[in-house]
Peer 1: 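There's a structure below that I have some questions on.
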Amino acid sequence: MSNDAYTPHEDRLLPADPATREIARTLYERMRDQPIISPHGHVDPYLLLDDEPFRDPTSLFITPDHYVTRLLHARGVGLAELGVGRGPLEEQDARAAWRLLAEHWHAYAGTPSRLWMEHEFHQVFGLETVLSPRTADAMYDEIAEKLSRPEFRPRALFDQFRIQVLATTDDPTDDLAAHEALAADDTFTGTVIPTFRPDKYLEPARPDFRELTEALGEAAGQDVDNYDGYTAAMRARRAYFKEHGAVSSDHSHLDPGTARLEEAEASRLYTEAREGRIDADAAAALRRHLLADQARMAADDGLVMTLHPAVHRNHHQGTFEKFGADVGADIPVGVEYTKALAPVLNDVGLEPAFRVVLFTIDETVFSREIAPLAGFYPSVYAGAPWWFIDAPDAILRYRRAVSETIGYSRTSGFIDDTRAFCSIPARHDMARRVDAHHLAGLVAEHRMRLEDAADIADASPATHPREVFRLDGGTAAEATPATSAKKEN
Amino acid sequence: MSNDAYTPHEDRLLPADPATREIARTLYERMRDQPIISPHGHVDPYLLLDDEPFRDPTSLFITPDHYVTRLLHARGVGLAELGVGRGPLEEQDARAAWRLLAEHWHAYAGTPSRLWMEHEFHQVFGLETVLSPRTADAMYDEIAEKLSRPEFRPRALFDQFRIQVLATTDDPTDDLAAHEALAADDTFTGTVIPTFRPDKYLEPARPDFRELTEALGEAAGQDVDNYDGYTAAMRARRAYFKEHGAVSSDHSHLDPGTARLEEAEASRLYTEAREGRIDADAAAALRRHLLADQARMAADDGLVMTLHPAVHRNHHQGTFEKFGADVGADIPVGVEYTKALAPVLNDVGLEPAFRVVLFTIDETVFSREIAPLAGFYPSVYAGAPWWFIDAPDAILRYRRAVSETIGYSRTSGFIDDTRAFCSIPARHDMARRVDAHHLAGLVAEHRMRLEDAADIADASPATHPREVFRLDGGTAAEATPATSAKKEN
Amino acid sequence: MSNDAYTPHEDRLLPADPATREIARTLYERMRDQPIISPHGHVDPYLLLDDEPFRDPTSLFITPDHYVTRLLHARGVGLAELGVGRGPLEEQDARAAWRLLAEHWHAYAGTPSRLWMEHEFHQVFGLETVLSPRTADAMYDEIAEKLSRPEFRPRALFDQFRIQVLATTDDPTDDLAAHEALAADDTFTGTVIPTFRPDKYLEPARPDFRELTEALGEAAGQDVDNYDGYTAAMRARRAYFKEHGAVSSDHSHLDPGTARLEEAEASRLYTEAREGRIDADAAAALRRHLLADQARMAADDGLVMTLHPAVHRNHHQGTFEKFGADVGADIPVGVEYTKALAPVLNDVGLEPAFRVVLFTIDETVFSREIAPLAGFYPSVYAGAPWWFIDAPDAILRYRRAVSETIGYSRTSGFIDDTRAFCSIPARHDMARRVDAHHLAGLVAEHRMRLEDAADIADASPATHPREVFRLDGGTAAEATPATSAKKEN
């Protein structure tokens, strides 16, 4: 039935104006087939270590993806119906969830989730129909059938996707056994590296702060009774991560504030926190100090800090209690970077080994704070739009907000930040198309030479993020920012 | 004189790129002649009940419209010269005010007020000249002449405008006699419904709080000496409004904060407020509690809450004292929704009967807070741009800011929010054109199928807002959000 | 080598769509050759008084321009290598700095700095190559050679640039000798006027507040032991500036807050501040009062206030200590205007002689606060995008954010705000092109008549800013806002 036929247009996301589109095409062509560098994301490393087939279309596309489940939830579908918070679904329930998605598919029109999934349906699974109640079962069956084939196992897809580097996000106490095993496995030639994510060990207000610090100490083989021990344990675990290939640490607190306390004060508050008698203000002060400590450590070990602040997690307590974290009830709040980072940037902002990438969902800081900071401090990079704003129009707004101050060279390169493994190539492809769109507009308006746009396009997918995230081993010792700047495109 | 000739272009507000415009035309065609649903506005119901002819062009287009008078005021024209704060103007003064508008008309170029008025001049009054000092008198005369004809009386225009539902905004103590009389009048076939607007009864810091609550109690036949009585009176008045066709309550405080107090504390503060001895902080705390109470009532009676916060009313005190409220001296401030609404959304955010539409003039919250909230909570909808940003570029920014998270289905549909009766069709027409513009861009860039855009266009003017505002009677009992979601386009 | 050839395209910055570009061309043509009015900037008046040749390309284009040096710094180039904080550079060092710029030139692609400089290279120096390591020396040599010619001296360029009025920014204690000498010099026919910039004399928290006020008093011949003396000194210096042609005062505090204290309280705090024993809160309160005083003075003397708030100056303390102020380490923060200006606007907002132009780097206030304020108060104008956002996309965002509320007539007109003398025509040309781009879009979408756009274009470069900044002498006495409004296009 002709109305069901659908394949994504080869010019999707490129500008409508014919002459501008022509320019965008030539730029996109330069990026399209480049490898994927994914320096920050949430794929489980055991997915690749175990290399088990994906169970079914629903567990692949719906249940674990809060981008997808949250809109269904907003439209009245219960999260449990989608498998959230349940174990593996029976075939009947998985199919029912898939049909619910199909029924609501029209409501995803214009969202990146739909564009990503349609890319996956077509590029990965070879489907040529649009999802609808009419086509849902046939599409389910075809995907399910393909998932049983060897070429649809995670490692095969990893290769097919041309993923060169994939960073996971890991707890500081993680033994990184999966990463170690993957690195030791001669049959797997990809690079999967961990990322140090110490958030909860920096939140002295948590009731389990003592248990957390104990676990950290145990992982580090370090007594953590006092602040010095805690700091040593942190340093040890960062070193352990670095030995296992980590190039960055990730930090996602409600506010990105940093402020150093006197060491004695920090010690005292640490002890109070361990004893569960710290008050909220002191806990916030200690957290800001501990984050400043992470920056100092980064200035020593060269792990790139990525900041992802200002999300009110688990906004709906009842949903959190029933379904856990990361199910769609996280809502952003405003963020402030200029004052928040002044202490850290005054401390280590000009240190050659220190580097920090600033992410935001609050778009107001792109032109006001992030671009000005990244346009002065050699250590600061403007992170690509994150989460709700990792979407075509928002990416264009980002490029237009920051490029006039810092061009492309002081930006992070694209970050997929996803736990949806199959969406990785779709997301990178979208970013490349949108960058081509943006650059083509500049060329068409004679604001940038085609040669310069082409150079940016060439470097953008791989060379540039490898550089920003020091994936080729550069840190203070080997490559100062000045040197590295010279290597860029 | 050819320079005076002017009629609005039939493709106005559609994209300039020829191929995209072609798509936009087909989408606009689907919306153009649909009926008007106006679920929130400020037209006086007696306008339709009395059906008196409009007095003159000035009292129709200038004096009561602060969108128009404020820019003249900024350009040095005194509000009194425009009739503000005076009774009906003599013909000579009305004409003088009209000439002032003509003299400054060039300064309105590019504003929605001018686009709306030019639409009205042409579509409603059949004029084919541009307003200028040269044409002012002739246009005044022609409009004045037509206003005396029966087909230019309010009810005739109501029909001509194809208004299906018009909501007014009313005080909780209003007896709704006008609405009752209109409903009982067989010669009037339109639907005019009230909206419950209890703002001032929720502001315990007002010096007249006792008098206000007494009036509320009187209207409800309910003793309001204590908080329980006040609450009962509120519930009674909401029920009275609902019986008279109301589908929503409207709330416009300086901040949209909500937070529940202990009932005993609320009782105590209510009594303090009644006795005029509440301090500012306590008054704010009680107001936030009372607004949270309104949400609980909404979760019971199913009236849709609309929030219009964060306007510094009567910014210039002298103007307020001389001319009263609503004369253009209201200036927006920033707003925060994520934390502000957490108490209410944790309380009733998943209740089937609860529904809240979030409006803003602070555009920063569209992508950061409103879309994420409306993309998780089944009860939350993203309101159309309000007041200063009810304008083409701003509407495009809104669509681009929220659609990537929530598509069109979680938005409110267009709200004219006007007291300028004749501008209603012009405003709805502008919104339809701008939506066509936005959707056509997505189609032209192959980000949305034409079929999906057409479905959205079909539902957008009438079906969708009827659904969001429960104009067909759906509430918790009859239609859960899940069910209603399935019915959407 | 063909790859090196480059001249800026004559249609640069105009829209890509062919029909829209055609409209933009006709509008730009109307503006292109108009004189330059520069009512706010930072050129040193001695540059024109002394009329010495520029020393070399580096001291002309790089060292003093923090727009240029900051991005190089972010890319790892030391400020000292660029001559910052050093005296005049030897030829070898100047050339080395130039080569550094050439090496990093690709990173400026898409920035306004590059567009401005390429305009200057071509229009002022007749160069037809792109800057690169390959062309750096030849371009350096050619510019250096031309700088030695009489027609490249500052006064000759002033004429060639068609600058009609150039405002400098000056300390209240400045004797304005340079301005006086220029005015008296029959061989110089341009107009160079001072601007009163009293910031530091309004910051009671400064440790040198006593010395500053003493200096102010000395300049005014006025005892400043008490607040009344200080006020009299301020009035005297404002009068002195006005006698020397000043039309405005400029104010750039961290926040734009205004609030009147009781006079006795102001007196008391002034004395505390002079004695170095004022605390931070009291100092802020006094500063807000003193700024409100400036507004009162403006309501008397008619100097137009320009507000440039909300920049965290010298964000990196080490850089400030080593290189001084204005070297790129200034980072914006959020701003709030609605509440901040309420005291002043209630006080003098309707006074005929009072006028204030609001600038911002925080774009969120354009549609939310600045346009609504400028659309009601006859005294308020919306300033053109400032500093980091004086750039094509940002200017378009500004026009789209404010025009729908206030059109063009309540905006400031373009402000170059630069210390880079040679960039003045490039900056004005960019602004004209971008306005043509914006207006053409409105015309192409039939949102504005071509006639109206042409009228705006005609008035925009010169007539309009002359009016806003009272360059033709109009103040309360001679021309009320109402009258002046009538004169506009």
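None of the values given here were measured: they were computed from a predicted structure. A, B, ... follow the sequence lines: proteins, then strands. Residue 1 opens every chain.
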Peer 1: Could A/Arg397 and B/Phe366 be counted as a cation-pi pair, given that NZ or CZ must be under 6.0 Å from the ring centre and within 45° of the axis?
Peer 2: no

Peer 1: Evaluate B/Val357 against B/Phe469 for side chain to side chain contact (heavy atoms under 4.5 Å, CB included), listing each step before the verdict.
Peer 2: CA-CA 9 Å; B/Val357 187; B/Phe469 281 88; 4.2 Å; yes

Peer 1: Less than 4.5 Å to any heavy atom of chain A: does that hold for the side chain of B/Ala19, its backbone, both, or neither?
Peer 2: neither

Peer 1: In terms of ring plane angle, is the pair A/His73 and B/Phe376 parallel, tilted or perpendicular, where the classes change at 30° and 60°?
Peer 2: parallel

Peer 1: Would A/Asp417 and A/Trp387 satisfy side chain to side chain contact (heavy atoms under 4.5 Å, CB included), going step by step from the backbone distance to the final call?
Peer 2: CA-CA 8 Å; A/Asp417 200 8; A/Trp387 199 335; 5.5 Å; no

Peer 1: Between B/Leu439, B/Leu341, B/Thr20, B/Leu350, which shows the greatest number of heavy-atom pairs under 4.5 Å with chain A?
Peer 2: B/Leu350

Peer 1: At a heavy-atom separation under 4.5 Å, does B/Asn346 approach chain A through its side chain, its backbone, both, or neither?
Peer 2: both

Peer 1: Do you know which of B/Gly375, B/Ala444, B/Gly441, B/Pro15 has the most heavy-atom pairs under 4.5 Å to chain A?
Peer 2: B/Gly375

Peer 1: Heavy-atom pairs under 4.5 Å with chain A - which of B/Glu369, B/Arg400, B/Arg447 has more of them than the others?
Peer 2: B/Arg447

Peer 1: Does any backbone or side-chain atom of A/Ile331 lie under 4.5 Å from a heavy atom of chain B? Answer side chain, backbone, both or neither.
Peer 2: both

Peer 1: How about B/Asp455 and A/His106: do any of their side-chain heavy atoms sit closer than 4.5 Å?
Peer 2: no

Peer 1: Tell me, for A/Pro8 versus chain B, whether the close heavy atoms (under 4.5 Å) come from the side chain, the backbone, both or neither.
Peer 2: neither

Peer 1: What residue in A/Asp11, A/Leu13, A/Ile361 has the most heavy-atom pairs under 4.5 Å with chain B?
Peer 2: A/Leu13

Peer 1: Any donor-acceptor pair under 3.5 Å linking the side chain of A/His428 with the backbone of A/Phe414?
Peer 2: no

Peer 1: Select one option (side chain, backbone, both, neither) describing which atoms of A/Thr319 are under 4.5 Å from chain B's heavy atoms.
Peer 2: side chain

Peer 1: Please determine whether ring pair (Phe, Tyr, Trp, His ring centres under 6.0 Å) holds for the pair B/Tyr408 and B/His438, giving the CA-CA distance in whole Å, both sets of side-chain angles, and the decisive distance to 0.1 Å.
Peer 2: CA-CA 11 Å; B/Tyr408 268 63; B/His438 173 245; 5.8 Å; yes

Peer 1: Would you say B/Arg399 and B/Thr411 are linked by a side-chain donor-acceptor pair, where the criterion is simply a distance under 3.5 Å?
Peer 2: yes

Peer 1: With under 30° as parallel and over 60° as perpendicular, where do the rings of A/His308 and A/Trp386 fit, or are they tilted in between?
Peer 2: perpendicular

Peer 1: When heavy-atom pairs shorter than 4.5 Å are enumerated against chain A, which of B/Met448, B/Arg449, B/Glu363, B/Lys339 gives the highest number?
Peer 2: B/Arg449

Peer 1: Any chance the side chains of B/Asp452 and A/Tyr108 put a donor and an acceptor closer than 3.5 Å?
Peer 2: no

Peer 1: For B/Ala453, which atoms come within 4.5 Å of any heavy atom of chain A: side chain, backbone, both, or neither?
Peer 2: neither

Peer 1: Please state whether the side chain, the backbone, both or neither of B/Glu404 comes within less than 4.5 Å of a heavy atom of chain A.
Peer 2: both

Peer 1: Could you check which of B/Gly407, B/Gly349, B/Ser367 has the highest count of heavy-atom pairs closer than 4.5 Å to chain A?
Peer 2: B/Ser367

Peer 1: Is it the case that B/Asp362 and B/Thr364 place a side-chain donor and acceptor less than 3.5 Å from each other?
Peer 2: yes

Peer 1: Between A/Thr69, A/Asp390, A/Leu72, A/Leu71, which residue shows the highest count of heavy-atom pairs closer than 4.5 Å to chain B?
Peer 2: A/Leu71

Peer 1: Quick one: what part of A/His315 sits under 4.5 Å from any heavy atom of chain B, side chain, backbone, both or neither?
Peer 2: both

Peer 1: Would you mind telling me which of A/Arg114, A/His66, A/Arg12, A/Arg70 has the largest number of heavy-atom pairs within less than 4.5 Å of chain B?
Peer 2: A/Arg70

Peer 1: At a 4.5 Å cut-off on heavy atoms, which part of A/Val130 comes close to chain B: side chain, backbone, both, or neither?
Peer 2: side chain

